[in-house]
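These notes concern the structure reproduced below.
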Amino acid sequence: MNIREGMLQLLKEAGDNFISGEEISKRLGVSRTAIWKHIEELREEGYVFEAVRRSGYRLLATPDVTSAEEIKLGLTTKTFGCAVHHFAVVDSTQNKCQDLAKQGAPEGTLVVADQQIGGKGRLGRVWYSPAGKNISMSLLLRPTLELQECPQITLLAAVAIVETMRDICGVEASIKWPNDILVNGKKVCGILTELNAEAERINWLIIGMGINVNTLEEDFPPEILEIATSLAIEKKRQFRRAEIIQGILKRLEELYLLYIDEGFAPIKKRWELYAVTIGKRVTIRTLHGSLTGYAEGIDETGVLLVRRDNGSLNKVYSADVEIHA
Ligand code: BTN
């Protein structure tokens, strides 16, 4: 734990009470001057402190930041978020996470950015990630899985995000296969899973999650506004992004451990609870063409099963799905 993390922890633990500079300096083993410097630095980042002579400091307000400290303080996971790398601006958190994975970073390493200037979406699309509003993060996993089982992890991530949105934000979200998270029919979150493998062996897998949190209508480019929404638009209030990230890491880890223990079946059951694609007439578009039919369900590996009007059953691995009314 670094000094800033230690200070914030002590101040948060103290709650409404003051904690003296002397106490902080004793507990952290650093000088009073160092503490004062960090307090000033934190103030510039938006933290509000009350400082009273002879009583010390009290934390009055925490800004909506996604710094490593804010994510790690109060995080109760075992390994997810064990290392948090925060950037103000990156091209894509996926690329940063990839670099860390190559250098041997452990499972659970998280990369978070306040803004992405080259955010990547599925199927080669661009992902809109403006500064200071949304969650853009990538989590590194090193599972022992067969290559064809990897899509299951994306479905698992979608379940974790839907359940976190419900529990922390009070938002009823649903999943459009494979992993678009929708609220009132508009996209609030996208998931991009990238992997690195040799022959049939997976070296690592990176789950990239982009969540529209505090973006308002006027922040979205007009062409996106028609199909996208945010938690703030839906609930008419702003959210603390660090709290949502902590919730997702916690739920993701629980589901991941369940998946390792019991396989895909319990995850599939939960995914089906939230899915809006199943039981609907759909049009599937891939690079190779399109097909229309009835979405019967997903199979044991997470593949979408579509029954065409001629009776044939098609397996869909990756595509854009249009749901008919
Ligand atoms: C989609 O097309 O629906 C997937 C979008 C995934 C966006 C996230 S934001 C964090 C991570 N970094 C990226 O460049 N993309 C993913």
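Order of appearance sets the numbers: ligands from 1, and atoms from 1 within every ligand.
Contact check for Gln115 versus Asn134: no side-chain heavy atoms found under the 4.5 Å cut-off.
Ion pairing between Arg43 and Glu40 holds under the 4.0 Å rule for side-chain N and carboxylate O. Using a cut-off of 4.0 Å between Lys/Arg side-chain N and Asp/Glu carboxylate O, Glu45 and Arg4 are scored as salt-bridged.
A donor and an acceptor atom, one from each side chain of Tyr47 and Glu70, are located under 3.5 Å apart.
Glu226 meets the salt bridge (charged side-chain N to carboxylate O under 4.0 Å, His left out) test with no other residue; sequence neighbours excluded.
Smallest separation of non-hydrogen atoms from Leu75 and Ile71: CB-O, 3.4 Å.
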Between the protein and ligand 1, are there any N or O atom pairs that come within less than 3.5 Å of each other, and if so, what are their names and distances?
| residue | atom | partner | partner atom | Å |
| --- | --- | --- | --- | --- |
| ligand 1 | 2 (O) | Arg122 | N | 2.6 |
| ligand 1 | 3 (O) | Lys187 | NZ | 2.6 |
| ligand 1 | 12 (N) | Thr93 | OG1 | 3.0 |
| ligand 1 | 12 (N) | Gln116 | OE1 | 2.9 |
| ligand 1 | 14 (O) | Ser92 | OG | 2.7 |
| ligand 1 | 14 (O) | Gln116 | OE1 | 3.3 |
| ligand 1 | 14 (O) | Lys120 | N | 2.7 |
| ligand 1 | 15 (N) | Lys120 | O | 2.7 |

